[in-house]
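If you're wondering where the values come from, they're calculated on a predicted model, not measured in any experiment.
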Amino acid sequence: QVQLVESGGGLVQAGGSLRLSCAASGRPFSSLTMGWFRQAPGKERDKIATISWNGGWTYYSDSVKGRFTISRDSTKNTVYLQMNSLKPEDTAVYYCAAKWDGTSWSSGAYWGQGTQVTVSS
């Protein structure tokens with residue numbers, strides 16, 4: 001089992017920045033692929049950023065590329081999402097997720113409880 005706890009959400013004005021954190025416990029953090037997803041009201045949960053177990057590979061959705069940065073600190077068992085140039089359309093509940101290689105996000109992942117990010121115009 002993997003436990004994930006997100007923090008860092010809140011209310012910010014458009015153009016501002018926030019940094020989300022996700023602390024992991026329960027299994028070797030260094031073996032996990034980590035990701036950030038978000039779900040806006042009435043919409044599906046979307047994958048926005050992922051990072052490989054060693055930090056050597058990252059993925060970003062087109063909607064956040066160039067504005068958001070995912071990183072991980074294995075000494076703290078924590079993954080971060082630095083969000084810059086925030087837009088009102090970034091408003092959503094943001095979820096941290098973890099999975100082992102060879103499993104899928106849809107059926108094999110562990111999920112945090114989510115943290116609300118609201119961007120005002």
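For CD of Gln113, the number of neighbouring non-hydrogen atoms (other residues, nucleotides, ligands) closer than 6.0 Å is greater than 12.
A donor-acceptor pair is defined here as one N or O able to donate and one able to accept, closer than 3.5 Å; such a pair exists between the side chain of Ser52 and the backbone of Trp57. Judged by distance alone, the side chain of Ser104 and the main-chain N or O of Ser107 form a donor-acceptor pair under 3.5 Å. A distance-only check finds no donor-acceptor pair linking the side chain of Glu6 to the backbone of Cys22 [under 3.5 Å]. With Ser121 contributing its side chain and Pro88 its backbone, the two residues share no donor-acceptor pair below 3.5 Å.
In this structure, Thr115 and Leu20 have side chains that are in contact, with non-hydrogen atoms separated by less than 4.5 Å. Residues Ser17 and Gln82 form a side-chain contact, since some pair of their non-hydrogen atoms from C-beta on lies under 4.5 Å apart. Contact check for Val117 versus Val93: no side-chain heavy atoms found under the 4.5 Å cut-off. Within the 4.5 Å cutoff, the side chain of Phe29 has heavy atoms near those of the Ser74 side chain. Looking only at side-chain heavy atoms (C-beta outward), Tyr94 and Met83 come within less than 4.5 Å of each other. Side chains of Lys47 and Tyr59 form a contact here, defined as non-hydrogen atoms less than 4.5 Å apart. Residues Val12 and Thr118 are not in side-chain contact: their nearest non-hydrogen atoms beyond the backbone lie 4.5 Å or more apart. Proximity of Thr91 to Gln116: side-chain heavy atoms (C-beta onward) are separated by under 4.5 Å at one or more points.
With sequence neighbours excluded, no residue satisfies salt bridge (Lys or Arg N to Asp or Glu O under 4.0 Å) with Asp101. Considering only residues two or more places apart in sequence or on other chains, Thr78 meets the side chain to side chain contact (heavy atoms under 4.5 Å, CB included) condition with Ser21, Ala23, Lys76, Tyr80.
When all heavy atoms of Ser71 and Val79 are compared, the pair lying nearest together is O-CG2, 3.0 Å. The two atoms that bring Thr103 and Gly108 nearest to each other are OG1-O, 4.0 Å, heavy atoms only. Scanning both residues, Cys96 and Leu4, for their nearest heavy atoms gives O-CD1, 3.7 Å. Contact between Trp36 and Ile70 at its shortest, heavy atoms only, is CD1-CD1, 3.6 Å. Arg67 and Leu86 make their closest contact through NH1-CA, 3.9 Å (heavy atoms, listed as atom of the first residue, atom of the second, distance). Closest approach of Trp100 and Ser31 over heavy atoms only: CZ3-CB, 3.6 Å.
Distance check: Tyr60 OH to Leu81 CG gives 7.5 Å after rounding to the nearest 0.5 Å. In this structure, Leu18 CG and Asn84 CG are separated by 9.5 Å, a value rounded to the nearest 0.5 Å.
The cationic group of Lys99 does not satisfy the cation-pi geometry with Tyr110, failing either the under 6.0 Å distance to the six-membered ring centre or the 45° limit from the ring axis. Relative to the six-membered ring of Trp105, Arg45 misses at least one condition, a distance below 6.0 Å or an angle of at most 45° to the axis. For the pair Arg38 and Tyr95, the NZ or CZ position fails the cation-pi test of under 6.0 Å to the six-membered ring centre and within 45 degrees of the ring normal.
Close placement of the Trp111 and Phe37 rings is indicated, their centers lying within 6.0 Å of each other.
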Take Thr33 and Ile51 through the test side chain to side chain contact (heavy atoms under 4.5 Å, CB included) and record every step on the way to the result. CA-CA 6 Å; Thr33 297; Ile51 187 166; over 6 Å; no
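Ion pairing of Asp90 with Lys87 is absent here, as no side-chain N (NZ or NE/NH1/NH2) approaches a carboxylate O to less than 4.0 Å.
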